[in-house]
There are 2 protein chains.
Amino acid sequence: MARVRHDRLDCSPGCAVEATLQFIDGKWKGVILYHLLSSTLRFNEIRRRLPSVTPRMLTTQLRELESDGFVARKVFPEVPPKVEYSLTERGRSLEPVVMALKAWGDAHAGVAAKAA
Amino acid sequence: MARVRHDRLDCSPGCAVEATLQFIDGKWKGVILYHLLSSTLRFNEIRRRLPSVTPRMLTTQLRELESDGFVARKVFPEVPPKVEYSLTERGRSLEPVVMALKAWGDAHAGVAAKAA
DNA sequence: GCCTATAGTGTCGAAAAGGATACCGTGATG
DNA sequence: CATCACGGTATCCTTTTCGACACTATAGGC
């Protein structure tokens with residue numbers, strides 16, 4: 001599972017913010033969720049969208065997303081192995097969050113532009 | 001500055017998501033931003049809201065938020081030192097993001113409840 | 001017989017993030 | 001004179017995270 005940001009809930013109301021962050025933290029989770037919002041993808045399809053992620057990292061991130069209940073992993077017992085990753089209901093519930101992140105990034109970070 | 005999540009922008013459109021995450025990542029930044037959305041706060045006022053953060057961490061997080069242009073630090077040359085932290089325009093622009101995070105946390109994580 | 005693709009796993013090590021603890025100067029207060 | 005509050009620093013150490021790289025099984029194609 002991802003880093004546990006706080007065990008103590010001593011951040012009062014703002015804690016919910018961190019609680020959410022806890023789940024989408026992880027170097028690639030944001031992008032993975034984003035891509036899965038558009039469609040179900042296979043392992044290597046995700047890799048192709050994220051060229052610099054190593055298989056090990058991708059596995060880790062997907063497994064965490066799975067155990068957090070955001071992603072469903074469906075294995076097809078075929079011979080070139082086939083595994084599909086899709087969002088669960090819970091995963092889709094993150095859509096507003098992911099979209100807010102993307103909107104801000106597009107508007108303020110310019111995707112590549114450094115902070116003003 | 002916070003961890004650099006990616007230098008390569010090879011995550012295509014989803015990259016904006018990570019770009020944003022990059023800024024609010026950092027164990028306490030989310031909550032700090034959240035609290036500053038309500039009011040300007042002094043160093044120790046923030047500490048009191050986040051009892052388990054050490055002064056060192058708080059300084060680090062605030063300095064990063066400052067250098068990312070989200071927070072303004074105003075020093076009053078008084079004698080019990082007085083320093084006020086407030087959000088900049090850029091900081092306020094994160095409001096929808098922070099609120100989306102909080103909304104999801106309230107709705108799905110129950111602030112304390114573990115994943116369903 | 002060798003290469004390809006798929007979906008991973010294993011091991012190792014470096015680097016970054018975070019935590020604990022102690023300490024600083026100043027001026028007012030007791 | 002000693003203590004307190006303020007806003008931090010400095011130092012050290014542990015934990016977590018990430019990346020490189022090699023390696024696996026299976027079936028089909030050439």
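Below, chains carry the letters A, B, ... as their sequence lines are ordered, and counting in each starts from 1.
Put simply, CD on B:Gln22 is 15 Å from C1' on C:dA17, counting in whole angstrom units. If you take CG of A:Leu50 and C1' of D:dG19, they are 15 Å apart, rounded to a whole angstrom. B:Met57 has its CE atom 15 Å from the P atom of D:dG8, to the nearest Å. Atom CZ in B:Arg47 sits about 10 Å away from atom P in D:dG7, given to the nearest Å. Residue A:Lys27 contributes atom NZ, which lies 11 Å from atom C1' of C:dA15 at whole-angstrom precision. With rounding to whole Å, B:Leu58 atom CG is found 16 Å from C:dA17 atom C1'. We find that CD of A:Glu66 is positioned 13 Å from C1' of C:dG8, with the value rounded to whole Å. When the P atom of D:dG28 is taken as reference, atom CD of A:Glu78 falls 12 Å away, rounded to whole Å.
If you check every strand for non-hydrogen atoms under 4.0 Å, B:Glu84 touches nothing. At the heavy-atom level, B:Phe76 lies nowhere under 4.0 Å from the strands shown.
Distances from the side chain of B:Tyr85 to the nucleotides C:dG19, D:dG8, D:dG7 place D:dG8 closest. For A:Asn44, whose side chain is taken as the heavy atoms from C-beta onward, the closest listed nucleotide among D:dT26, C:dA7, D:dC6 is C:dA7. In this structure, the nucleotide among C:dG19, D:dC6, C:dT6 sitting nearest to the side chain of B:Thr54 is C:dG19. In this structure, the nucleotide among C:dG27, C:dA7, D:dC6 sitting nearest to the side chain of A:Pro81 is C:dA7.
For C:dG18, the OP1/OP2 oxygens have a side-chain nitrogen or oxygen of B:Gln61 closer than 4.0 Å. Considering only side-chain N and O atoms, B:Arg42 lies nowhere under 4.0 angstrom from the phosphate OP1 or OP2 of D:dC6. Contact annotation: A:Trp28 reaches the phosphate of D:dG19 (side-chain N/O to OP1 or OP2, under 4.0 Å).
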Pick out the pairs of N or O atoms, protein on one side and nucleotides 9-12 of chain C on the other, that lie under 3.5 Å.
unit_1, atom_1, unit_2, atom_2, d
C:dT9, OP1, A:Arg63, NH2, 3.0
C:dT11, O4, A:Arg56, NE, 3.3

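The minimum heavy-atom distance linking B:Asp106 with A:Ala16 is given by the pair OD1-CB, 3.2 Å.
By the neighbour-count criterion of 12 heavy atoms within 6.0 Å, atom CD of A:Glu78 is densely surrounded, having more than that number from other residues, nucleotides or ligands.
Shown are A:Lys27, A:Arg49, A:Gln61; of these, the side chain to side chain contact (heavy atoms under 4.5 Å, CB included) with A:Ile32 is made only by A:Gln61.
Heavy-atom nearest nucleotides on DNA chain C were determined for A:Val83 and for B:Pro80, and the one closer to the 5' end corresponds to A:Val83.
Between B:Trp104 and A:Phe70, the ring-plane angle classifies as tilted under the 30° and 60° cut-offs. Using bins of under 30°, 30° to 60° and over 60° for the plane-to-plane angle, the ring pair A:Tyr85/A:Phe43 lands in the tilted bin.
Between atom OG1 of residue B:Thr60 and atom CH2 of residue B:Trp28 there is a gap of 12.5 Å, rounded to the nearest 0.5 Å.
Between the side chain of A:Thr20 and the backbone N or O of B:Gly105 there is at least one donor-acceptor pair closer than 3.5 Å. A side-chain donor-acceptor contact under 3.5 Å links B:Glu18 to the backbone of A:Val31.
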